[in-house]
Amino acid sequence: MKTENLLDSHPLPPGSFGLPWLGETLSFLRQPNFIDQRSQRYGSIFKTNILGQPTVIMLGPEANHFILSSHVDCFSQEGWPDTFKSLLGRKALVLQDGEEHRRNRKLIRPTLHGSALAGYLTTMEQVSLAYLKQWERLESLTWFSELRRMTFEIASILLVGGKPGEDNDHLFKWFCELSQGLFTLPIHWRWTPFGKAIHARKQILIYIEQAMLQRQKTPTQDVLSLLMQAKDETGQGLSQEEIKSQALALLIGTNSNTASMLVCFCMALAQHPEVLHIARTEQHQIEQTSIDASLSLEQLKQMIYLNQVLQEVERCYPPVGAGFRRVIKPFVFNGYAVPSGWNAMYSIIGTHTDSRIYVEPTRFDPDRFSADRAEHKKMDFSLVGFGGGTRNCLGFAFAQTLIKTFAANLLRHYDWELLPGQTLTLNRIPTAHPRSGLQVKLKKLEAVT
Ligand code: HEM
């Protein structure tokens, strides 16, 4: 059937556009169960109006397969909110399409994999251990903000050659302001979150520009330097604008998402001592190390149970709740037609709670990812915390290495206790984290002999 006829022969998806102009934006930003409530009422595809756009939200592995694999030609990356696009910059990989995306993904890939990644491990471990040592001296700590600081320090050193100290503190402050503006109303006044975020973006770009000038004189081994040296098959590299945008976007991807996954990992293990016990036993079986011994990529691969725990954290608390697209060709899904010009969102949270795939989806159960059960393999695109298809997360290996390095050291050398009287309900914006920020007391374990 011709695409223009689809709209005549099929109804639009069920749902509501909400209020004029605002649509359902405020509920979307503020209600953690926005998608859950509507999918219970309307099913696996429904319409709404959020962030200034008529939008269709689609849930489940079939929807992910449709958007991320079988019908990619119906979608473009234009669908990310205007605030997100303005702050990342049009040249960021996540916002590029077609040939430009394919070429740039190939150019950026080696900077986050293989020998480059192996070279980042020592910094990841040294910074993690330094933070753990600082935190053990505190009476209590609010872990999310500290983990954001730590992951930012690692990211800024490895991506743009940031130096711990005053420089990095400025960069981190701008970075937090930028993150606050990613998913908000696009009102550009000096005092609005978006206005402050635009200012912060300019400051970070100035920092990156200066770092690029230094690397032109003296190349280094960080991602920025590798991006500046990268060449495609015709000998062409990335433009200055692209390098700046890509570096900024990589910083955002690393910091907000990785800190989110780490804080949810720490929360889940504090709530499930039986899981913590198995994860710690595995660490002791891999190798009895002293606090100063370093981990290898080979050892990280042996952490099978830790991997299952992290998959369960990804399932239950995905840092990114959804992926946005713009519909560029009308399509029909589950009997409903969606016109071009609308936005489409694949819901990561909605997929991860699908009871057709996950047994008792509300239960925290890392064993569901064991080789015997492998619930996520029943259907493709069932675990999509890092996206899927040709646009899956390019930083997956980098994030996994960072998270496992930190988690292994935490399990081997520390215990932690949740402080009473805190609210652990999840905030989802800009990335998932417990509302209290996770207040804990960290205790050093006696060395195992
Ligand atoms: C726990 C940490 C992370 C999570 C949960 C995460 C999640 C995601 C998701 C869901 C996507 C797909 C978005 C879409 O479908 O449009 C994505 C894309 C991407 N991520 Fe990550 N990410 C993480 C860490 C990182 C890190 C550390 C980096 C870089 C150092 C990174 C770089 C990227 C890039 C470049 C893309 C765009 C890929 C493309 O469009 O081809 N991410 N990420």
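These numbers come from a predicted model, not from an experiment. Each ligand, and each atom within it, is numbered from 1 in the order the structure gives.
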Element-labelled atoms of ligand 1 that are located less than 4.0 Å from some non-hydrogen atom of [X]:
X	answer
Q77	16 (O)
L112	30 (C)
L250	29 (C), 35 (C)
F398	27 (C)
N392	38 (C)
R105	38 (C), 39 (C), 41 (O)

Would you mind finding which of [options] brings a heavy atom closest to [atom]?
atom	options	answer
atom 41 (O) of ligand 1	M261, R391, H101, Q96	H101
atom 7 (C) of ligand 1	G385, G79, G389, G387	G385
atom 16 (O) of ligand 1	E314, Q246, Q400, R325	R325
atom 3 (C) of ligand 1	L310, V313, N257, T151	N257
atom 13 (C) of ligand 1	F386, F324, Y346	Y346

### Query
Testing Q96, K85, R325 for side-chain hydrogen bond (donor to acceptor under 3.5 Å, both in side chains) with Q77, which one passes?
R325

### Message
Classify the ring geometry of F28 against F34: parallel below 30°, tilted from 30° to 60°, perpendicular beyond 60°.
### Response
perpendicular

### Query
Does atom CZ of R109 have more than 12 heavy-atom neighbours, drawn from other residues, nucleotides or ligands, at distances under 6.0 Å?
no

### Query
Are the ring centres of F75 and W342 closer than 6.0 Å?
no

### Message
I'd like to know whether the aromatic ring centres of F331 and H71 sit less than 6.0 Å apart in this structure.
### Response
no

Would [X] and [Y] count as having a side-chain donor-acceptor pair, cut-off 3.5 Å?
X	Y	answer
T353	D36	no
T55	N49	no
E125	S294	no
R148	H433	no

What residue and heavy atom of the protein are closest to [atom], and at what distance?
atom	value
atom 30 (C) of ligand 1	T254 OG1, 3.3 Å
atom 22 (N) of ligand 1	C393 SG, 3.1 Å
atom 32 (C) of ligand 1	G395 N, 3.6 Å
atom 24 (C) of ligand 1	G253 O, 3.6 Å
atom 36 (C) of ligand 1	L394 N, 4.0 Å

#### Entry: Geometric cation-pi criterion, R368 with Y358: 6.0 Å, 45°
no

